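Read through the structure below, which is laid out as structure tokens, and then see the notes.
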Amino acid sequence: MSPSLADELFGLQTNTCGTVMRRRKGMPENFPPPKMKIGEMLVLQKKNMNLTAFKDRREVLVISTMHDAKLLDTGKKDRATSNPIMKPECIVEYNKNMGGIDLSNAVIIQYPSFRKTIKWYKKLFFNIMDMALFNANILFKKSKNNLPLLNYRLNLVNKIISQYSSKITKVNIIPKSAESLNPLRLTERHFPKLCSKETGQKVRRQCFVCSHSQKNPPKRQMSYYGCKDCNGSDHPSQKRQSQNGEEQGSGVFVGPQKIP
């Protein structure tokens, strides 16, 4: 919402009521003033548009072309003073009619699909996808069982992967020599794990990827971390003893440390 949009819609005989950010174009400067007290209300009026600032738990700015600058009883009482809690009419009506939209935004933002990007249409696409998943989860709850949104999304992802993963043609861009050494590394998922002996002593091992690189000259890089699934009989054992007596060997490892 912005003042220019509210003014334009009012010219088209359409009333509006919505929240607005203080830095929005067309907003008055230094409004609201800093350090408002809880329960304090300030109102600015321009023609048929009211800009209301109200401090509850935080400062709220509302633009309305359909409400007056008056307070209404919310039906609740303050726990400390037992006095009725009063709020501006525009905020009471906004909370009454916009609860569903605020709830959907609050739930969607917990599991967002979008990532930081300079392409605005990507963010728009992923936001539409999140809204579609949220609405589908609501319909699923009405027809079947009460499944949380996170579990619903995970089940949907698993179904899509299981149905279409076998149809995707994999493009082999890895040299055959590297693929023959460790086909598991090229097809499976890997998770870093700290390499250690049964006694708990850390073990540094040679990075398998760097030492078998076909594009660049092989480098000797060591790491304390590796993939537990790839470590062991899946790779040729090339254990060495370092100068400080630590056991070393080959494997798929991440986070290399360059050794001179």
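Just so we're clear, the structure is a prediction, and the values are computed from it rather than from any experiment.
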* So, do C17 and E93 sit near enough that their side-chain heavy atoms are less than 4.5 Å apart? -> no
* Would M1 and I91 show up in the same hydrophobic cluster when neighbours are defined by side-chain heavy atoms closer than 4.5 Å? -> no
* Student check: side-chain heavy atoms of L44 and P28 closer than 4.5 Å -> yes
* Asked: Should L42 and V60 be counted in the same cluster of Ile, Leu, Val, Met, Phe, Trp and Tyr side chains packed under 4.5 Å apart?
  -> no
* Structure fact -> Rounding to 0.5 Å, atoms CG (N155) and CG (N137) come to a distance of 10.5 Å
* Do N50 and I63 have side chains that get closer than 4.5 Å, going by heavy atoms? -> no
* So, for F54 and G39, which heavy atoms are closest and what is the spacing to 0.1 Å? -> CE1-O, 3.7 Å
* Asked: According to a 4.5 Å side-chain heavy-atom criterion applied to Ile, Leu, Val, Met, Phe, Trp and Tyr, with indirect links allowed, do I138 and Y111 form part of one hydrophobic cluster?
  -> yes
* Is it true that L71 and Y94 fall in one hydrophobic cluster, defined by side-chain heavy atoms closer than 4.5 Å? -> no
* **From CD (E89) to CE (M41), nearest 0.5 Å** => 10.5 Å
* To do: Check whether any side-chain N or O of D56 sits under 3.5 Å from a backbone N or O of R58 as a donor-acceptor pair, and report yes or no.
  => no
* More than 12 heavy atoms from other groups under 6.0 Å of CD on E40 -> yes
* Is there side-chain contact between T52 and S64, with heavy atoms separated by less than 4.5 Å? -> no
* Asked: To the nearest 0.5 Å, what is the distance between CG (L61) and CZ (R23)?
  -> 12.5 Å
* Asked: Take atom NZ in K141; do more than 12 heavy atoms of anything else shown fall under 6.0 Å from it?
  -> yes
* Structure fact -> The reported gap from NZ in K123 to CD1 in I128 (rounded to nearest 0.5 angstrom) is 13.0 Å
* Asked: Please walk me through it: do S113 and R153 pass side-chain contact (heavy atoms from CB on, under 4.5 Å)?
  -> CA-CA 11 Å; S113 299; R153 292 170 67 108; 2.8 Å; yes
* Would V20 end up clustered with L5 when hydrophobic side chains under 4.5 Å apart are linked, directly or stepwise? -> yes
* Crowding at CG, L12 (>12 non-hydrogen neighbours, <6.0 Å) -> yes
* Quick one: does K77's side chain get under 4.5 Å of I85's, heavy atoms only? -> no
* Find the distance between CG (L156) and CZ (F140) and round it off to the nearest 0.5 Å. => 10.5 Å
* Tell me, do S4 and K25 make a side-chain contact under 4.5 Å, heavy atoms counted? -> no
* Asked: Is D73 close to M86 at the side-chain level, that is, under 4.5 Å between some pair of heavy atoms?
  -> yes
* **Under 3.5 Å: donor-acceptor pair, side chain of R22, backbone of E29** => no
* Can you tell if the side chain of M49 reaches within under 4.5 Å of the side chain of F10, non-hydrogen atoms only? -> no
* To do: Would you indicate whether M131, at its atom CE, is surrounded by more than 12 heavy atoms from other residues, nucleotides or ligands within a distance under 6.0 Å?
  => no
* Gap separating the CD1 atom of I108 from the CZ atom of F134, nearest 0.5 angstrom -> 6.0 Å
* Asked: Can you check whether M36's main-chain N or O pairs, donor with acceptor, with K55's side chain at less than 3.5 Å?
  -> yes
* Passing candidate, side-chain contact (heavy atoms from CB on, under 4.5 Å) with L9, options T65, T14, N15 -> T14
* Heavy atoms from other residues, nucleotides or ligands near CD1 of I38 exceed 12 (cutoff 6.0 Å) -> no
* To do: Could you tell me whether N83 atom CG has more than 12 heavy atoms of other residues or ligands within 6.0 Å of it?
  => yes
